[in-house]
Amino acid sequence: WRSANDGFTWTPFVKGLFAGGVDALQRGGGWLYAGTTGRGMFRIRELPLVSIESSPSGVTFLVDGQTATGPFLAFWDAGSVHTITPVLRNTADVREEFLGWSDGAAQARTITATDANSWVMAAIKRSFKLSATAAPATGGSVTFAPTSPDGFYPERSFVTVIPVPADDHRVAGFSGQ
C-alpha cells in the first residue's frame with residue numbers, strides 16, 4: 001500500500017479518474033482502493049462528506065461565516081455544528097428568493113455533521129429584469145407577453161417579444177442580449 005507521505009506524487013483527479021491513471025475503484029471497510037496502471041494499488045480513508053447544493057446551481061452560501069458557491073462539499077468532524085445561509089442576489093437586474101431546504105429547515109440553518117454522508121439542497125427562485133427599447137425612440141415600442149408589473153421574469157420562463165412599429169416605420173431586426 002502507498003500513502004500520501006511515502007514519497008510518491010498523487011495526481012489530482014481534475015480531469016476525471018482516468019487522467020490520474022486509475023483503472024478501477026473499490027470501496028470496503030471505510031477505505032477507498034484505487035487500482036492504477038503500472039503504479040500499483042492506492043488506499044485512502046473514505047471520509048463522510050456534507051454536500052450543500054442548490055437548484056438552480058451556482059447559488060452562494062455563507063458557511064460558518066465564509067462564502068462558498070454550491071455545490072459545496074465539506075468534511076467535518078462528527079458532532080460539529082455548522083451554520084449555513086444562502087446569500088441571495090437582489091440587484092437592479094437579478095432577484096433571488098429562497099423557497100426552502102430539501103429537509104424543510106429554516107433559511108438560516110445549522111447542520112450537525114455525522115459519520116455518514118449527508119446532503120441538503122436549497123430551492124431558489126431566480127428572476128431577471130427584461131427590458132427593450134426601439135431605435136430610434138420615435139420608431140415605436142417593444143412589449144412583452146405575458147406582461148410583468150415590475151419587469152422581472154422567472155428564470156427559464158418563456159416571454160414573447162412584440163415589436164410595435166410607429167406609423168411609417170418597420171421592424172428591421174433585433175440586437176443585444
Side-chain angles (χ1 to χ4, degrees), residues 3-4 10-20 22-35 42-132 142-161 176-177:
S3 66
W10 288 66
T11 303
F13 298 137
V14 293
K15 296 185 185 209
L17 294 174
F18 295 112
V22 174
D23 294 325
L25 289 175
Q26 181 68 39
R27 294 173 57 194
W31 293 90
L32 180 65
Y33 300 91
F42 293 87
R43 178 179 79 158
I44 57 172
R45 190 167 71 93
E46 195 172 17
L47 301 174
L49 296 176
V50 175
S51 177
I52 304 167
E53 301 180 29
S54 65
S55 178
S57 63
V59 169
T60 300
F61 294 96
L62 194 60
V63 180
D64 295 333
Q66 302 293 317
T67 58
T69 302
F72 174 75
L73 295 172
F75 166 70
W76 291 323
D77 292 328
S80 60
V81 178
H82 304 273
T83 59
I84 302 164
T85 306
V87 178
L88 303 177
R89 286 187 298 166
N90 287 298
T91 66
D93 298 320
V94 179
R95 184 183 296 161
E96 291 182 335
E97 175 187 353
F98 176 77
L99 300 177
W101 287 101
S102 55
D103 60 359
Q107 182 174 346
R109 59 156 321 139
T110 60
I111 291 181
T112 302
T114 66
D115 58 358
N117 291 332
S118 60
W119 168 86
V120 293
M121 179 174 280
I124 306 294
K125 178 181 177 185
R126 188 179 290 151
S127 299
F128 295 94
K129 178 92 171 188
L130 186 58
S131 63
V142 179
T143 61
F144 304 112
T147 60
S148 168
D150 59 3
F152 280 88
Y153 291 87
E155 183 174 40
R156 300 180 189 268
S157 62
F158 290 95
V159 179
T160 303
V161 180
Q177 298 178 349

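Note that the structure is a prediction, hence the values are computed from the model and not measured.
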By salt bridge (charged side-chain N to carboxylate O under 4.0 Å, His left out) - contacts of Glu97 (at least two apart): none

Look up atom OG in Ser54 and atom CD1 in Ile124, then write down how far apart they are to the nearest 0.5 Å. 6.5 Å

If a pair satisfies side-chain hydrogen bond (donor to acceptor under 3.5 Å, both in side chains) and one of its residues is in residues 62-79, list it, with sequence neighbours excluded. Asp64-His82

Taking the side chain as every heavy atom from C-beta outward, state whether Thr112 and Ser80 have any pair of such atoms under 4.5 Å apart. no

Taking only residues two or more places apart in sequence or in another chain, which ones pass side-chain contact (heavy atoms from CB on, under 4.5 Å) with Thr91? Asp93, Val94

Tell me the closest heavy-atom pair linking Lys129 and Ala92, and the distance in Å. CB-O, 3.7 Å

Just do the salt bridge (Lys or Arg N to Asp or Glu O under 4.0 Å) check on Arg95 and Asp150 with the steps written out, would you? CA-CA 11 Å; Arg95 184 183 296 161; Asp150 59 3; 2.7 Å; yes

Applying side-chain contact (heavy atoms from CB on, under 4.5 Å), can you list everything that pairs with Thr160, at least two apart in sequence or on another chain? Ala145, Ile162

Return the set of residues passing side-chain hydrogen bond (donor to acceptor under 3.5 Å, both in side chains) with Asp103 (not counting sequence neighbours), or none when no residue passes. Arg109

Could you list the residues that satisfy side-chain hydrogen bond (donor to acceptor under 3.5 Å, both in side chains) with Asp115, not counting sequence neighbours? none

Could you check whether any side-chain N or O of Tyr153 sits under 3.5 Å from a backbone N or O of Phe158, counting only pairs where one atom can act as donor and the other as acceptor? no

Leu88 and Phe98, any side-chain heavy atoms less than 4.5 Å apart: yes

Can you list everything that forms a side-chain hydrogen bond (donor to acceptor under 3.5 Å, both in side chains) with Thr85? Sequence neighbours excluded, please. none

Should we count CZ of Phe75 as having more than 12 external heavy atoms under 6.0 Å? yes

Are the side chains of Glu46 and Trp31 in touch, meaning some heavy atoms are under 4.5 Å apart? no

Taking only residues two or more places apart in sequence, or in another chain, which ones meet Val161 in a side-chain contact (heavy atoms from CB on, under 4.5 Å)? Val142, Phe144, Phe174

Taking all atoms of both residues into account, what is the closest heavy-atom pair of Ser127 and Pro154, and its distance? OG-CA, 3.6 Å

Under the side-chain contact (heavy atoms from CB on, under 4.5 Å) rule, what do Ile52 and Val63 come out as? Steps first, then yes or no, please. CA-CA 10 Å; Ile52 304 167; Val63 180; 4.3 Å; yes

side-chain contact (heavy atoms from CB on, under 4.5 Å) with Thr110: which residues, sequence neighbours excluded? Val81, Thr83

Would you call Ile111 and Ile84 a side-chain contact if the rule is heavy atoms closer than 4.5 Å? yes

With sequence neighbours left out, write down each residue that passes salt bridge (charged side-chain N to carboxylate O under 4.0 Å, His left out) with Arg126, or none if nothing qualifies. Glu96, Glu155

Check Pro86 against Phe61 and note the closest heavy-atom contact, atom names and distance. CA-CD2, 3.7 Å

Set of side-chain hydrogen bond (donor to acceptor under 3.5 Å, both in side chains) partners for Trp119, sequence neighbours left out: Glu53

